[in-house]
Number of protein chains: 2
Amino acid sequence: MTLSIATWNINSVRLRIDLVGDFLDSHQPDVLCLQEIKCPEANFPYRAFRERGYEHILVNGQKGYHGVATISRRPFTPVGHREFCRKGDARHTSVAIPDGNGDILVHNFYVPAGGDEPDPEINPKFAHKLAFLDEMKSWLTGRETDRKAILVGDLNIAPYEHDVWSHRQLLRIVSHTPVETEGLEEVRQAGGWLDAMRHFVPKEEKLYTWWSYRAPDWEKANKGRRLDHIWVTPHLGHRLAGIEVVRDARGWQRPSDHVPVIARLAAA
Amino acid sequence: MTLSIATWNINSVRLRIDLVGDFLDSHQPDVLCLQEIKCPEANFPYRAFRERGYEHILVNGQKGYHGVATISRRPFTPVGHREFCRKGDARHTSVAIPDGNGDILVHNFYVPAGGDEPDPEINPKFAHKLAFLDEMKSWLTGRETDRKAILVGDLNIAPYEHDVWSHRQLLRIVSHTPVETEGLEEVRQAGGWLDAMRHFVPKEEKLYTWWSYRAPDWEKANKGRRLDHIWVTPHLGHRLAGIEVVRDARGWQRPSDHVPVIARLAAA
DNA sequence: GTCGATCGAG
DNA sequence: CTCGATCGAC
């Protein structure tokens, strides 16, 4: 059976529920992983999903900040949320999707943004980000390597040179500092993950999933970053069929600053 | 020449500029007096008015609160704003509209709401409202009596029994307490004004211009109040041709809690 | 209920 | 620039 899975930092799912509906109608992913839903589970707009046949929903939300949700038109088993860094933040959820011979485990992450100042000594938000990466690394080491698994989300780090519009100008900007990009590479390698987006798009080619709200003419300036990611374990590597970055979404009415990314897996 | 003049507490002109445009397109008043524009003059959405041929605009605005604007498709001479109660509030503006033999003076007022507790000793907002009425009375006494003049606005008082859904239940509710209703009558009589709305609608008939946001089913409950008024001097009394309360406006998308009131004057 | 201001966060 | 929370005002 094939599987298509999308990840999207929606920056308030309630405010943008119509955009999400349009996206599901037009792109029909099997699974949608949202980040920054910005509401507790009780206020999640379930109906818009169920109306469209997305009846399997797992929400890890909190009031006002962060929050992730995994939504699927294929049945899944909720696996649970891990609370990283003992902060009470809703930044992770996981589900297991039956897929012929065994399940595919799907991790949905929202890594802390890290504030402005890239110094953990003076910026506790940056320290939190680095601690989160450390904990991701140890928790994921060996955990899914020998299974069929997918890790998606807003990882808030653009790891490679051409994941940002200017490597040089962003080296001291949070999301592209060496301690973060190297940290994220360690997480990826420790878990044995393959970077699905870069599997299809050469590392020499610019690839973005986020454009700041502050630049009025985002399309012309095109000062983007690749903050959103889809990783798969080697057991799924041979099934990777394609990647789509829905760049158009940045130009929709009242958009999120992130766009959806979709990965398509061939049948086993 | 005929003249039609509308008054509308818009509760943020920027948020509801599309509603205002629709109203102008559909009802085509010569003059529109807005209250509670809630922005300084610099942020006033002039373009939407000019695009529609309303090229004469006088704004007395302030940041976040209150603010009035008089908008006209007929030329006028700005007369100025009076600052009542030395509070720095933007609650009045006036213009003079050439009308054959002499001008028609148009006063646009936003009287303070007065808070919840109808006791000036313990509620300074109520004291301010009463002081505002006092100052209106002395300032207007004899001032326009012998001219062609119109006074419109959100006066935040429902003066007569049938200006509220329940006279008995509102006697101790701010906007319908005796000290306010009597005070407003004194203002009206001291200036020699005629109540144009009650000129057409008998005092025994319910007449409202405002329905609270808090009542979810405003139309069915119909617990309204007549807070918005159009007064004219005797020199214009014989020209009063009709009054329209645009009640529908309360049911528009994201409405103001007040609806527009339009007065039509016949040619001299 | 609905607004704008202010704030922290992105 | 845009979001939600909080607040005071209506």
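Letters A, B, ... are given to chains in the order of the sequence lines, protein chains preceding strands, and every chain is numbered from 1. Predicted model, so just to flag it, every value in this text is computed and none were measured.
DNA chain C lies under 4.0 Å from no heavy atom of any residue of residues 152-168 of chain A.
Between the P atom of D:dT6 and the NZ atom of A:K38 lies a distance of 14 Å, rounded to the nearest Å. As rounded to whole Å, 12 Å separates atom P of C:dA5 from atom CG of B:N11. Atoms CZ (B:F126) and P (D:dA9) sit 17 Å apart, rounded to a whole Å. With rounding to whole Å, B:D116 atom CG is found 10 Å from D:dC10 atom P. Rounded to an integer number of Å, the gap from CZ of B:R214 to C1' of C:dT2 is 10 Å. What separates OH of A:Y213 from P of C:dA9 is a distance of 18 Å, to the nearest Å. C:dA9 atom P lies 15 Å from atom CD of A:E117, rounded to whole Å. Atom-to-atom, CG of B:D257 to C1' of D:dA9 comes out at 12 Å; the value is rounded to the nearest Å.
Counting atom types as modelled, B:R14 pairs no side-chain N or O with a base atom of C:dC3 as donor and acceptor under 3.5 Å.
Each of A:S212 and A:Y65 was assigned the nucleotide of DNA chain D with the nearest heavy atom; the assignment lying further toward the 5' end belongs to A:S212.
Cation-pi contact between B:R82 and B:F84: present, with separation from the ring centre below 6.0 Å and deviation from the ring axis of at most 45°.
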Which atom pairs, donor and acceptor, lie under 3.5 Å between side-chain atoms of residues 214-222 of chain A and protein residues at least two apart or in another chain?
residue: A:D217; atom: OD1; partner: A:K220; partner atom: N; Å: 3.4
residue: A:N222; atom: OD1; partner: A:W211; partner atom: NE1; Å: 2.9
residue: A:N222; atom: OD1; partner: A:R247; partner atom: NH2; Å: 2.9

Would you mind writing out the side-chain donor-acceptor pairs for residues 111-121 of chain A within the sub-3.5 Å range, not counting sequence neighbours?
residue: A:D119; atom: OD1; partner: A:E121; partner atom: N; Å: 2.7

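Comparing D:dC10, C:dT2, C:dA9 by their nearest atom to the side chain of B:H66 picks out D:dC10. The nucleotide whose nearest atom lies closest to any side-chain atom of A:S12 is, among C:dG10, D:dC3, C:dG4, D:dC3. Relative to the side chain of A:L15, the nucleotides D:dG4, D:dC10, D:dA9 differ in distance, and D:dG4 lies closest.
The only member of A:V20, A:N43, A:I37 that meets side-chain contact (heavy atoms from CB on, under 4.5 Å) when paired with A:R14 is A:N43.
Under 4.0 angstrom from either OP1 or OP2 of C:dC3 there lies at least one side-chain N or O belonging to B:R16. Side-chain nitrogen and oxygen atoms of B:K63 include none within less than 4.0 Å of the OP1 or OP2 phosphate oxygen of C:dG4. Phosphate proximity of D:dC3 to A:R254: present, with a side-chain N or O under 4.0 Å from OP1 or OP2.
With contacts defined as side-chain heavy-atom distances shorter than 4.5 Å, the pair B:K38/B:N11 qualifies. The shortest side-chain heavy-atom distance between B:I157 and B:K129 falls under the 4.5 Å cut-off. For the pair B:I71/B:V31, no side-chain contact is recorded, criterion being any heavy-atom separation below 4.5 Å from C-beta on.
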